[in-house]
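This report concerns only the one structure given below.
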Protein chains: 2
Amino acid sequence: MTTRIFEHPDLADIELTSVLFALSDPARLDLVRLIAKDGPQTVAACQAVDPAAPKSTFSHHLKALREAGVVRNEPHGRQRMISLRRDELDDRFPGLLDSVLSAG
Amino acid sequence: MTTRIFEHPDLADIELTSVLFALSDPARLDLVRLIAKDGPQTVAACQAVDPAAPKSTFSHHLKALREAGVVRNEPHGRQRMISLRRDELDDRFPGLLDSVLSAG
DNA sequence: CAGATAGTTCCAAGAAAGTCGAACTGATCG
DNA sequence: CGATCAGTTCGACTTTCTTGGAACTATCTG
């Protein structure tokens, strides 16, 4: 199913340690960097960060980021759009995303 | 052995994902908060964050933080002092520690 | 309706982390 | 020196992550 609406944690329920964990994987961090830079992307476009990886692996990383509250995953026609919950995260953890994204 | 000198990663070798991972555990994050607030502490004093936890468990967390480059662990008489590598981390990942520590 | 497309979910296997008791070691104190 | 103290390391066990192939589902296109 492509079009199902996923659960996303409420802003207030997002935990710092979960966010840190989600960002602590290089593949996931690369993905977050991509959508931070280029804006919302389809899953296929996101996969550009590691074209060799199987779809299922990628989907798992997306799930981890979504459940941690880092990313939104919403139906968009026959595709899905992945977007960063930037404003929300900035609100809840001021400066966190900025420092992570600007880190060399 | 209490007095052995441990390896600590050079600042340049500290990786963002490793730091994020080290901080993604609640027990370790609590510990980092403690020494950020109260300054360098002996291991025993650090254990105040979770007095019920066995020493060995605690020691493993310390090792994880040390190897990630978050913390320094140095001999001090018959004890050891645990200190936050704050200036170094601020230098390498500006704003990161501040945002993590100030997060509610 | 038949394909093709875009992703997810299921399942299993391997890798990595966390947990904790027990043994160990170096420094200090009597 | 012998005992104690402060912490680390070892070893075994359990849990959680990661990975990836295969099956599945929904949507769009012809």
Rounded off to whole Å, could you give me the CG-to-C1' distance for the A:Leu31 and C:dG7 pair? 14 Å
Could you check how far CZ of A:Phe6 sits from C1' of C:dA6, rounded to whole Å? 12 Å
In terms of side-chain heavy atoms of A:Ser56, which of D:dG21, D:dT18, C:dG18 is nearest? D:dG21
Can you tell me the distance, in whole Å, between the NZ atom of A:Lys55 and the C1' atom of D:dG21? 13 Å
Whole angstrom is fine here: how far is it from CG in A:Leu62 over to C1' in C:dT9? 14 Å
Atom CD of B:Glu67 and atom C1' of D:dT8: how far apart are they, to the nearest Å? 13 Å
Ignoring hydrogens and angles, answer whether the base of C:dG7 and the side-chain atoms of A:Ser59 contain a donor-acceptor pair closer than 3.5 Å. no
On the nucleotide C:dT19, are OP1 or OP2 found under 4.0 Å from the side-chain N or O atoms that B:His61 carries? yes
Kindly work out whether a path of hydrophobic side-chain contacts (I/L/V/M/F/W/Y, heavy atoms less than 4.5 Å apart) joins A:Phe58 to A:Met81. no
Could you check whether B:Arg66 gets within reach of a base, just the sugar-phosphate, or nothing at all, counting any heavy atom under 4.0 Å? nothing
Does B:Arg78 make a side-chain N or O approach to OP1 or OP2 of D:dT4 shorter than 4.0 Å? no
Within the pair B:Asn73 and D:dG7, is there a side-chain N or O less than 4.0 Å away from OP1 or OP2? no
Distance criterion of 3.5 Å, no angle test: do you see the side chain of B:His60 paired donor-to-acceptor with the base of C:dC20? yes
Between A:Arg4 and C:dT9, is there a contact of a side-chain N or O with OP1 or OP2 at under 4.0 Å? yes
Quick one: is C:dG18 close enough that its OP1 or OP2 comes under 4.0 Å of any side-chain N or O from B:Thr57? no
Report whether A:Ile35 and A:Phe6 are members of the same hydrophobic cluster (ILVMFWY, side-chain heavy atoms less than 4.5 Å apart, transitive linking). no
Answer yes if the side chains of A:Arg66 and A:Asn73 hold a donor-acceptor pair under 3.5 Å, and no otherwise. no
Rounding to an integer number of Å, can you tell me how far B:Phe58 CZ sits from D:dA6 C1'? 13 Å
According to a 4.5 Å side-chain heavy-atom criterion applied to Ile, Leu, Val, Met, Phe, Trp and Tyr, with indirect links allowed, do A:Val100 and B:Phe21 form part of one hydrophobic cluster? no
Linked, directly or transitively: A:Leu101 and B:Leu20 (ILVMFWY side chains, under 4.5 Å): yes
Could you tell me the separation between the CD atom of A:Gln47 and the P atom of D:dG20, rounded to a whole number of Å? 12 Å
Under 4.0 angstrom between B:Arg80 side-chain N/O and C:dG26 OP1 or OP2: no
Round to a whole Å and report the spacing from NZ of B:Lys63 to P of D:dC10. 8 Å
